[in-house]
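Counting begins at 1 with the first residue of the sequence.
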Amino acid sequence: MGNSPPQTTEDYRAALEELEAANDELRRKNEELSACCLATEVGAEKYRRLFELIPDACIVSHTDGVIREANHAALALFNAVDEPLEGKPLDSFLAEKNRDEFNKRLRQLQAQQEVHAWEESLLTLDGREFPASLTVRIIHETEGHGIVLYWLIRDLTQSREAAKALQESEERYRVIFERSPLGITHFDPDGNVVSCNRQFLNIVGASREKVIGFNMFQSIKDPDMLAAFIKAVSGRIGTYEGNYRSATGDKVTPLRVLYSRVATDEGKLLGTVGIWEDITDRKLAEDALRESEERYRVIFEHSPLGILHFDQKGNIVSCNKQFFKITGGTKEKVIGLNMLQSLRDEAMHAAVVKALSGEIGQYEGEYRSIVSDKLIPLRVLYSRITADDGAPVGAVGIFEDITERKQAEAARRELSRQRMEACNAVALELRNSLIKIGFVFPAINSVMSFLREQWEMELRKVLSDEEDKSTLLLRLGELILMKQSELQDQKELLHLSEELLAEQMVVANVFFLPQHGRAWLDNKIRPKWHRLLAESRAWDAHKDEVLQHLKHLERAIEIVGEEEYAQKLRHIPDDLRAQWPRLAYTEFSRANLGFLEDVLRLLDHPGLKIKHRQQLSKLLTALKALADITSLVEDRMNRMLLALRSGETFEGD
């Protein structure tokens with residue numbers, strides 16, 4: 001239409017229509033632009049909400065490493081409560097030693113277009129260090145905005161601690177599972193064995209290959225074992241005890257087995273676990289206990305020790321029959337007698353007072369009984385008795401007639417003499433015999449026990465009560481007798497205490513080699529004491545004393561051969577102090593027969609002051625000669641037998 005102004009009405013009308021059309025187009029484009037702006041604002045708001053709702057720390061930066069945006073999780077992670085993160089360089093959150101490496105990695109990211117992840121040690125604004133995982137995505141934006149880095153940062157502290165705790169828990173479970181003294185088996189819901197420990201394999205005598213996959217429902221042969229397993233699957237505890245023949249190893253073992261169901265909180269069956277205990281030792285111990293109870297009952301009933309109880313005022317409240325026998329008194333004369341008012345012997349009175357004050361009161365000497373006027377060689381030990389709260393309630397006295405002890409020692413010496421005479425008779429018989437002598441070394445070791453007895457008699461002169469085997473065993477015996485009256489309703493423990501008392505008497509009167517003494521202590525005395533202390537409260541007040549005496553007893557058995565104690569015997573020549581215990585505590589066999597020459601020289605030593613020295617020398621000389629010819633006789637007999645078997649003629653030496 002050109003630039004010339006309209007000339008006619010039509011021209012004006014046409015121009016007006018064009019203007020209206022242009023206005024409509026402009027309005028439409030304006031509406032589109034407004035819609036676009038609104039969409040952009042809505043998108044930005046959605047982005048911001050999403051950015052803030054991400055639970056992990058999110059940070060946006062450019063390649064210069066300066067933070068442009070950070071969400072609330074990032075503020076919390078870096079403890080930026082009052083201080084914004086925007087504008088801070090990322091490397092300010094690293095230890096200074098790690099910044100160069102971080103910035104080097106940051107520069108390398110600029111030419112890449114992928115996601116990178118690594119772990120880094122970061123710092124909060126207040127300087128706390130924590131392990132973190134960093135995940136960064138590189139975006140090359142259009143329209144000249146350059147490279148943008150989107151960071152996702154996660155604190156690994158809890159995950160690492162959880163992983164460590166899990167690892168420790170798994171390790172503890174593995175150690176318990178593998179090192180348990182009991183057999184352990186795991187079954188799946190169908191009854192198949194899925195795992196077991198080594199102790200279980202030892203108990204049933206089978207290999208892991210045979211056990212894993214074994215199905216209890218299909219393959220178990222013992223009906224009682226199967227019933228116990230089914231009971232556990234149904235939700236109760238399944239128990240089995242008896243002689244079980246293994247289906248995988250064909251081994252018969254006395255067993256106690258407990259089965260328990262494993263299920264989720266909702267009750268869904270996950271499987272079953274079985275705990276297997278080999279009760280062979282318990283069965284043997286029960287059998288041995290029954291045998292020993294009968295064997296030692298008579299010994300206890302004829303115990304040579306008297307027991308006396310009196311209250312804190314000194315009034316006698318109880319005593320045993322042996323006390324009446326020792327003192328010559330009667331129940332009517334003794335019960336109710338006041339020890340503090342009636343005792344005429346000052347030493348006995350002082351021992352009673354000492355015990356009531358809390359110490360150990362001791363008396364030894366010729367004592368004239370106040371209830372019978374009988375003169376008795378006595379050894380007495382008094383000890384205070386306290387209630388559970390520690391309040392004193394009286395004391396107990398253990399009375400030993402020393403006359404009987406000396407008679408026992410005399411009987412022991414007589415037994416030793418008879419033993420040597422028997423050995424002489426055996427030696428004479430063996431000299432005239434051409435057969436193999438099989439008991440020469442037990443005879444030598446039996447004779448050597450006399451040398452041990454004499455050495456320990458010398459050693460007692462320098463030992464304290466805590467180092468003397470006899471004193472310790474006497475006190476332990478007193479403690480047993482002191483409390484046996486409280487076991488009348490516990491027959492099994494009463495029999496056990498009787499047996500323990502007899503075994504302690506054996507250790508006191510027999511002169512073992514240290515290794516044999518230790519075995520007796522470990523296998524007989526200590527286990528019985530531990531059971532008495534665990535199953536009865538009678539000895540609660542004396543528990544520490546008992547344990548201390550057992551500890552000292554173990555040491556007393558060892559020290560008899562130690563040079564440190566031998567050196568204290570100054571009245572014995574140095575060379576004799578060195579040789580005597582070394583030889584006396586040697587167990588003789590064919591391998592060390594040459595030491596008998598040293599023993600014979602020891603018996604000839606002028607400083608050795610023991611009884612029967614010449615008889616011992618003659619006996620050991622004979623036994624040594626017998627031992628020397630034993631090997632020759634054995635070789636000769638073997639050659640004779642070989643000749644007889646082969647049909648050859650035997651040519652003697």
Side-chain angles (χ1 to χ4, degrees), residues 281-282 284-289 291-293 295-296 299-300 303-305 381 398 400 405 408-409 412 442 445-446 448-457 459-460 462-484 492-536 538-539 542-566 581 584-587:
D281 291 341
R282 192 188 78 186
L284 293 176
E286 290 173 353
D287 294 342
L289 179 61
E291 293 175 3
S292 62
E293 285 175 351
R295 185 164 57 248
Y296 292 106
I299 296 176
F300 172 76
S303 172
L305 300 177
L381 289 175
I398 306 297
E400 178 186 7
R405 187 183 72 187
E409 292 173 353
R412 192 164 59 249
N445 288 315
S446 178
M448 292 303 295
S449 69
F450 182 75
L451 272 180
R452 292 195 290 273
E453 178 182 358
Q454 298 299 307
W455 172 255
E456 292 185 23
M457 289 175 63
L459 200 59
R460 290 186 68 182
V462 297
L463 294 177
S464 66
D465 287 346
E466 292 181 351
E467 297 171 328
D468 180 33
K469 178 183 71 173
S470 298
T471 302
L472 293 168
L473 287 166
L474 178 61
R475 177 56 182 160
L476 288 171
E478 293 167 354
L479 289 171
I480 294 174
L481 293 171
M482 184 192 309
K483 297 295 183 179
Q484 278 185 329
E492 186 175 353
L493 293 183
L494 180 61
H495 294 328
L496 182 67
S497 69
E498 295 170 359
E499 181 181 349
L500 175 57
L501 183 63
E503 290 173 345
Q504 290 182 172
M505 292 176 63
V506 172
V507 176
N509 296 322
V510 176
F511 300 92
F512 290 114
L513 291 167
Q515 59 269 31
H516 298 159
R518 285 195 308 273
W520 197 280
L521 174 63
D522 293 339
N523 298 327
K524 295 179 179 293
I525 294 178
R526 185 179 280 119
K528 292 181 176 64
W529 264 118
H530 286 173
R531 184 178 173 191
L532 288 176
L533 294 175
E535 298 184 19
S536 171
W539 287 274
H542 301 278
K543 182 175 181 180
D544 291 341
E545 181 184 359
V546 170
L547 296 177
Q548 193 69 15
H549 284 342
L550 290 175
K551 181 179 179 181
H552 289 158
L553 181 58
E554 181 176 9
R555 178 65 183 144
I557 292 172
E558 295 286 348
I559 65 176
V560 293
E562 293 184 1
E563 182 179 355
E564 173 187 352
Y565 291 88
Y585 292 96
T586 296
E587 187 169 12

Minimum heavy-atom separation for Ala508 to Ser470, with atom names? O-OG, 4.2 Å

Gap between atom CG of Leu501 and atom CG of Leu479 - 0.5 Å precision: 11.0 Å

Worked check of side-chain contact (heavy atoms from CB on, under 4.5 Å) between Val462 and Leu459: CA-CA 6 Å; Val462 297; Leu459 200 59; 4.2 Å; yes

Is a side-chain donor or acceptor of Trp455 paired with a backbone partner of Val560 at a separation under 3.5 angstrom? yes

On a heavy-atom basis, the closest approach of Tyr585 and Glu456 is OH-OE2, 2.8 Å

Flag the pair Arg555 and Glu562 as a salt bridge only when some basic side-chain nitrogen lies within less than 4.0 angstrom of an acidic carboxylate oxygen. yes

Answer whether the closest heavy-atom distance between the side chains of Glu492 and His495 falls below 4.5 Å. no

For a quick test of reading the model, state the closest non-hydrogen atom pair linking Gln484 to Leu494 and the distance between them. O-CD1, 3.9 Å

Under a 3.5 Å distance rule, please check whether Ser536 uses its side chain to pair with a backbone N or O of Leu533 as donor and acceptor. no

Donor-acceptor pair, side chain of Arg526 and main chain of Leu521, under 3.5 angstrom: no

Applying side chain to side chain contact (heavy atoms under 4.5 Å, CB included), can you list everything that pairs with Glu587, at least two apart in sequence or on another chain? Asn445, Leu513, Gln515, His516

Would you say that Glu400 contacts Leu474 through its side chain, given a criterion of any heavy-atom pair below 4.5 Å between the two side chains? yes

Side chains of Phe512 and Ile557: closer than 4.5 Å at any heavy-atom pair? no

So, do Leu532 and Val546 sit near enough that their side-chain heavy atoms are less than 4.5 Å apart? no

Any donor-acceptor pair under 3.5 Å linking the side chain of Asp468 with the backbone of Ser464? no

Trp539 (side chain) donor-acceptor with Lys483 (main chain) under 3.5 angstrom: no

Look at Arg475 together with Glu478 and state whether they make a salt bridge at an N to O cut-off of under 4.0 Å. yes

Non-hydrogen atoms of Ala556 and Lys469 that approach each other most closely: CB-N, 3.9 Å

Can a salt bridge be assigned to the pair Lys528 and Glu498 using a cut-off of 4.0 Å between side-chain N and carboxylate O? no

Please determine whether side-chain contact (heavy atoms from CB on, under 4.5 Å) holds for the pair Leu463 and Thr471, giving the CA-CA distance in whole Å, both sets of side-chain angles, and the decisive distance to 0.1 Å. CA-CA 10 Å; Leu463 294 177; Thr471 302; over 6 Å; no

Is any side-chain heavy atom of Met448 less than 4.5 Å from a side-chain heavy atom of Thr586? no

Side-chain touch Leu547/His530, heavy atoms, less than 4.5 angstrom: yes

Heavy-atom distance under 4.5 Å between the side chains of Leu476 and Trp529, does that happen here? yes

Sub-3.5 Å donor-acceptor pair from the side chain of Lys543 to the main-chain atoms of Ala534, do we have one? no

Tell me, please, which residues at least two apart from Glu467 pass salt bridge (charged side-chain N to carboxylate O under 4.0 Å, His left out). none

Reported CG-to-CZ distance for the pair Asp465 and Arg460, which is rounded to 0.5 angstrom: 9.5 Å

Would you indicate whether the side-chain heavy atoms of Gln504 and Ile480 approach each other to under 4.5 Å? yes

Using 0.5 Å steps for rounding, measure from the CE atom of Met482 to the NE2 atom of His542. 4.5 Å

Considering only NZ, NE, NH1 and NH2 on the basic side and carboxylate oxygens on the acidic side, decide whether Asp522 and Arg518 come within less than 4.0 Å. no

